[in-house]
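Read through the structure below, which is laid out as structure tokens, and then see the notes.
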Amino acid sequence: MKFSQMEYSRPDIEAVKERISLLTDNFKKASTYEKARELFIQVDRLKRNIETQGTLASVRHSIDTRDEFYDNEVQFWNEKGPELAEYEQAFTLALLESPFRKELSEEFGEIVFINAEIDLKTFSPEIIPELQKENELVQQYHKLLASAQIPFEGKNYTLSQLSPFKNDPDDERRLAAWKAEGQWYKDHQAEYDRIYDELTHLRDTMGKKLGYGGYTKLGYYRMGRNCYTKEDVELFREAVRKYLVPVADEIYREQAKRLGKTYPMSFADNALTFRSGNPKPKGTADDILAAGKKFYDELSPETSEFFRMMLDNELMDVLSTEGKDGGGYCTSLYDYDVPFIFANFNGTQGDVEVVTHEAGHAFADWYNRHRIPVETIWPSMEGCEVHSMSMEFFAWKNVEDFFGDDSRKFLYSHLASALTFIPYGTMVDHFQHIVYEKPDMTPRERHKEWKELLGIYMPWMKLDGEIPFYSEGEGWQRQSHIYSSPFYYIDYCLAQTVALEFWAMLQDDADNAWKHYIAYTEQGGSKVFTELLKNADLESPFDESTLRSVCKKADDWLRAFDLTGIE
């Protein structure tokens, strides 16, 4: 079924509550495993249906945040979602106390119970008002981003539409674009500060109400962290500073030489990889999707079937339009057993990266679409990001279809950006830990912390105040995850480390790399992250030697890469 034909219907929430309560009571009374199993599956079907309706409203709202109908529907879900959580938690508790836990675990996996125990730690009816307010504030943030109309060269642009100018080869034009964007953020600074300040205190309150003394522990539970701790993350951050920051720093020093710039460079100059311009995909959005179709047709029979299904059912909205929310994502429409990809094409190499990245998520979702319960389709978020970031590297074999004459530029810049991203992503995580450890910091103090972290993780950035917002330690406010999904960012860094393992395999044996990828992907969310890796014969990013090894191999490749003829 095409996305436009999928019918949205606001559910009767009171009826849903009654239905969950009835199923929970009957589950508790079940006298046989067969009866308990039947009720377990009925609850799963109900969850899929409710989730699908909420997702339809959310996706259509993000496609056009000005749509009054879906704006109201998102507000409805923001209010009613936390109310439903109380009833869903009652079933979770019944599940954990079931006399048939052993049989359910054997059929559906122990992960169901591992995650159920974590889920119980994330909610109490006492925090419903805070959850509702949190949803409202996050919606305000996204609407503010989507509302951007930035004056530049006589026209107005959305944030996504302005992006190509931010890596224009002309120094003056590129700098002007950065300044224009930075000024827009500065003009809305008070609103960004207010929203985040309220979110920080709300989350701190939730953590204290649940007995955690603050938000950090609750934040880890809400992220479903089921196999590693805050201490493990701290050790990973330490390894990033030890192995990756020096490599990334050297990449930018070489870039400064190519551009004829003095190191450290401004944000605007760091955005330009080559003097002649960054790699650009050839052709239109349709051409990129056609190249994507060719890539997935050639990769495997499964990926071919998957991507053709996505195209036939119009399950991708990729053009950057006025009123559209920023960024890109993949989500699930469980009633239809299909994923959906949201993106903002703007003529940059990111258009190709998003097709391969988000389609990596979508393929994993589609591949595991029949898993029961619905929670086992996806692993935890760092596990999901392995699917997407690794798929970007598999697309290298079709680089000329995507980039034509800019293929060599792309190969170099894509691997370089994979390495330089990890320090940035790790910094985002470090910043959030500081914020929730000190929730009473003023907005100015938060900006100061970010600026100090930039000096540690991204010393190649010149903080001279030339570009409003960015060079003043405020650039974190454009990172939507910090507002909407606290502690969701180290996931990308852990996954990128694993993705670099796949990149290393691809240099030796592409078929073998794909076998490992499928071995990882076919497990869905049936195991914790570290077990998924082990079962696919992959190394853990928490092992310092993993980061050291992939970092060295990628660095050696970049140093040996022939840039002759590329200005």
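Please read all numbers here as calculations on a predicted model, not as lab measurements.
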Verify, without hydrogens or angle tests, whether [X] (side chain) and [Y] (backbone) share a donor-acceptor contact under 3.5 angstrom.
| X | Y | answer |
| --- | --- | --- |
| Arg174 | Asn167 | no |
| Glu358 | Phe342 | no |
| Thr376 | Pro373 | yes |
| Thr229 | Glu231 | yes |
| Asn344 | Asp325 | yes |
| Asp429 | Asp491 | no |

Exceeds 12 heavy-atom contacts within 6.0 angstrom, atom CG of Asp405
no
With a sphere of 6.0 Å drawn around CD of Glu172, does it hold more than 12 non-hydrogen atoms of other residues, nucleotides or ligands?
no
Does a donor on one side chain sit under 3.5 Å from an acceptor on the other, for [X] and [Y]?
| X | Y | result |
| --- | --- | --- |
| His430 | Glu234 | no |
| Asp562 | Thr564 | yes |
| Tyr483 | Gln477 | yes |
| Trp178 | Ser266 | no |
| Lys409 | Ser276 | yes |
| Thr273 | Tyr412 | no |
| Asn115 | Glu375 | no |

May I ask you to test the Tyr243-Glu544 pair for a side-chain heavy-atom distance under 4.5 Å?
yes
Lys/Arg-Asp/Glu bridge criterion (N-O < 4.0 Å) met for [X], [Y]:
| X | Y | result |
| --- | --- | --- |
| Asp365 | Arg371 | no |
| Lys257 | Glu254 | yes |
| Lys261 | Asp171 | yes |
| Arg308 | Asp297 | yes |
| Arg478 | Glu181 | no |
| Asp232 | Arg225 | no |

Between [X] and [Y], what is the ring plane arrangement, given parallel below 30°, perpendicular above 60°, and tilted in between?
| X | Y | value |
| --- | --- | --- |
| Trp366 | Phe306 | tilted |
| Phe421 | Tyr492 | perpendicular |
| Tyr436 | Phe487 | tilted |
| Trp396 | Trp557 | tilted |
| Phe542 | Phe529 | perpendicular |

Sole residue of Asn313, Thr55, Asp317 in side-chain contact (heavy atoms from CB on, under 4.5 Å) with Phe340
Asp317
Would you please indicate yes or no on a ring centroid separation below 6.0 angstrom for [Y] and [X]?
| X | Y | result |
| --- | --- | --- |
| Phe502 | Tyr520 | no |
| Tyr517 | Phe394 | yes |
| Tyr296 | Phe363 | no |

When you look at Asp556 and Lys552, which way does the salt bridge (Lys or Arg N to Asp or Glu O under 4.0 Å) test go after all the steps?
CA-CA 6 Å; Asp556 289 345; Lys552 184 181 185 309; 2.8 Å; yes
